[in-house]
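Below is one structure, written out as structure tokens; comments come after it.
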Amino acid sequence: WEKTTRPFLRTMEFWWQEGHTVHETAEEAQAETRQQLEVYAEVCEKYLAIPVIRGRKTDKEKFAGAEETYTVEAMMHDGKALQSATSHYFGDGFAKAFDITFQGRDNQLHHPYETSWGMSPRIIGAIIMTHGDDNGLVLPPAVAPIQVIVLPIAQHKPGVLEAAAQLKERLVNAGFRVKVDDSDNSMGWKCAQYEMKGVPVRVEIGPRDIEAGQCVLVRRNDGEKTVVALENLEAAVAEQLELVQKGMFEKAKQNLDNHIYEAHSLEEAKQLQAEHGGFIKTMWCGELECELKMKEEGGMSSRCMPLKQEHLDDVCPICGKPAKKMIYWGVAY
């Protein structure tokens with residue numbers, strides 16, 4: 001089925017989170033399909049800090065056998081799109097093909113309506129390519145395995161390691177995922193190491209901090225440093241983690257918004273894609289010929305028809321026929 005594979009993204013997809021449901025009515029199945037799309041959108045936006053565009057696939061791009069396929073599309077740093085999850089409404093086609101029936105409320109046999117939906121570990125690639133920078137990973141606090149790294153400064157001096165251990169214990173008891181690095185590596189090595197690993201917040205404490213009753217919190221996403229009193233540690237860490245999560249989403253949202261362009265002709269779409277990448281939105285007549293022409297001449301595939309439709313033009317920019325829907329085109333992983 002896959003004509004080409006992409007290392008890491010496609011080769012990760014042997015392991016899926018996937019669901020299948022069977023329903024009495026088409027309306028129930030359609031509602032389930034849209035509900036699961038929103039679940040995936042929430043996972044991306046609320047937990048992974050990845051803004052997405054919700055949309056429906058064209059007939060050419062939808063899942064084989066589905067009546068409707070819905071998708072959430074994300075934008076990576078380099079202007080390429082990544083399909084991050086899909087949700088499919090199958091109608092009763094598979095039920096009829098395999099003679100699946102149930103006894104209805106009227107005591108007659110009926111074919112049920114089915115859905116399927118899934119997200120794969122390629123979403124790990126989305127996290128890396130959406131948030132990562134030249135120093136390494138930048139992980140959203142909501143899903144980071146380690147949310148806080150405690151680094152003792154001048155740990156050979158009396159009381160420093162003990163103070164770092166106490167900070168960890170307090171934060172663990174408050175519900176945070178915390179680690180202390182008391183290895184013999186230098187402070188510079190440790191800071192670089194946990195930046196590379198994407199740990200959202202770094203806590204630094206040394207002899208002077210202990211004497212002053214304070215510690216220093218450093219955010220991974222923007223490097224902002226904050227000095228906090230030790231007595232306010234738990235509340236301060238919670239606030240910084242929230243700021244990291246919010247800041248990461250806002251930065252990714254700005255990147256998405258900056259990579260959406262409007263085109264009114266095939267040539268303009270090709271030029272925008274060549275110069276900027278991103279999503280190119282146009283109107284579309286709905287004809288397969290135009291979809292294929294955009295792919296063959298423009299080098300872009302149809303990503304989705306967004307659920308929130310806009311009106312750009314009255315004609316399809318590819319063939320000049322009356323336009324029906326707005327559609328996003330782009331180059332995708």
Side-chain angles (χ1 to χ4, degrees), residues 46-50 76-77 123-255:
K46 183 177 179 181
Y47 296 95
L48 308 183
I50 300 174
M76 304 297 99
H77 267 320
I123 200 68
I124 297 171
I127 296 171
I128 295 169
M129 293 189 288
T130 300
H131 302 304
D133 59 21
D134 290 343
N135 293 329
L137 297 174
V138 183
L139 296 179
V143 297
I146 303 171
Q147 294 175 311
V148 181
I149 181 68
V150 179
L151 301 183
I153 301 172
Q155 64 185 44
H156 62 284
K157 294 189 176 181
V160 174
L161 287 178
E162 291 79 3
Q166 289 173 5
L167 295 188
K168 176 187 175 181
E169 183 179 5
R170 286 175 57 184
L171 292 171
V172 168
N173 289 337
F176 302 109
R177 300 185 288 277
V178 189
K179 177 182 177 180
V180 173
D181 188 337
D182 56 2
S183 68
D184 293 332
N185 292 306
S186 69
M187 187 65 180
W189 184 93
K190 291 178 183 180
C191 290
Q193 177 75 354
Y194 294 101
E195 280 190 0
M196 182 178 67
K197 288 178 176 290
V199 177
V201 170
R202 185 169 79 236
V203 178
E204 300 175 356
I205 187 165
R208 293 180 182 178
D209 298 306
I210 295 171
E211 184 178 350
Q214 66 184 31
C215 63
V216 178
L217 307 185
V218 184
R219 297 200 296 261
R220 170 63 180 91
N221 63 315
D222 58 12
E224 186 71 24
K225 293 186 177 183
T226 305
V227 178
V228 301
L230 292 178
E231 61 188 24
N232 299 326
L233 177 66
E234 291 87 348
V237 167
E239 180 183 21
Q240 292 303 307
L241 289 173
E242 185 177 342
L243 288 172
V244 172
Q245 186 82 26
K246 181 180 179 183
M248 290 178 66
F249 180 83
E250 289 177 347
K251 183 178 180 180
K253 183 66 165 62
Q254 184 177 25
N255 179 64

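Computed over heavy atoms, backbone and side chain alike; hydrogens, waters and symmetry mates excluded.
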A quick test of your reading: do over 12 heavy atoms of other residues, nucleotides or ligands sit less than 6.0 Å from CG of N173? yes
To the nearest 0.5 Å, what is the distance between [atom1] ([X]) and [atom2] ([Y])?
X: I149; Y: D181; atom1: CD1; atom2: CG; result: 5.5 Å
X: H156; Y: D184; atom1: NE2; atom2: CG; result: 11.5 Å
X: T130; Y: I50; atom1: OG1; atom2: CD1; result: 4.0 Å
X: N221; Y: L139; atom1: CG; atom2: CG; result: 11.5 Å
X: I127; Y: L137; atom1: CD1; atom2: CG; result: 9.5 Å
X: M196; Y: Q193; atom1: CE; atom2: CD; result: 4.0 Å

Could you walk me through whether V237 and L217 pass the side-chain contact (heavy atoms from CB on, under 4.5 Å) check? CA-CA 8 Å; V237 167; L217 307 185; 4.1 Å; yes
Give me the atom names and distance for the closest heavy-atom approach of [X] to [Y].
X: A174; Y: E234; answer: CB-CG, 3.8 Å
X: P140; Y: P200; answer: C-CG, 4.5 Å
X: R220; Y: E195; answer: NE-O, 2.8 Å
X: L151; Y: M187; answer: CB-CE, 3.6 Å
X: P141; Y: Q245; answer: CD-OE1, 3.0 Å
X: V160; Y: Q155; answer: CG1-CA, 3.7 Å

Given side chains that start at C-beta, do those of D182 and V150 come closer than 4.5 Å, heavy atoms only? no
Would you say L241 and Q147 make side-chain contact, with heavy atoms under 4.5 Å? yes
Mark yes or no for whether K190, through its side chain, and S183, through its backbone, hold a donor-acceptor pair below 3.5 Å. yes
Please step through side-chain contact (heavy atoms from CB on, under 4.5 Å) for the pair L48 and H131, ending with a clear verdict. CA-CA 10 Å; L48 308 183; H131 302 304; 5.6 Å; no
Listed partners of K157 passing side-chain hydrogen bond (donor to acceptor under 3.5 Å, both in side chains), at least two apart: none
Step by step, work out the side-chain contact (heavy atoms from CB on, under 4.5 Å) result for K168 and K179. CA-CA 7 Å; K168 176 187 175 181; K179 177 182 177 180; 5.8 Å; no
Atom pairs and distances, side-chain donor-acceptor, residues 201-216, under 3.5 Å, sequence neighbours left out:
from : atom 1 : to   : atom 2 : distance (Å)
R202 : NE     : E204 : OE2    : 2.9
R202 : NH2    : E204 : OE2    : 3.1
D209 : OD1    : Q214 : NE2    : 3.4
D209 : OD2    : G206 : N      : 2.9

L233 vs R170, test: side-chain contact (heavy atoms from CB on, under 4.5 Å). Steps then yes/no. CA-CA 9 Å; L233 177 66; R170 286 175 57 184; 3.5 Å; yes
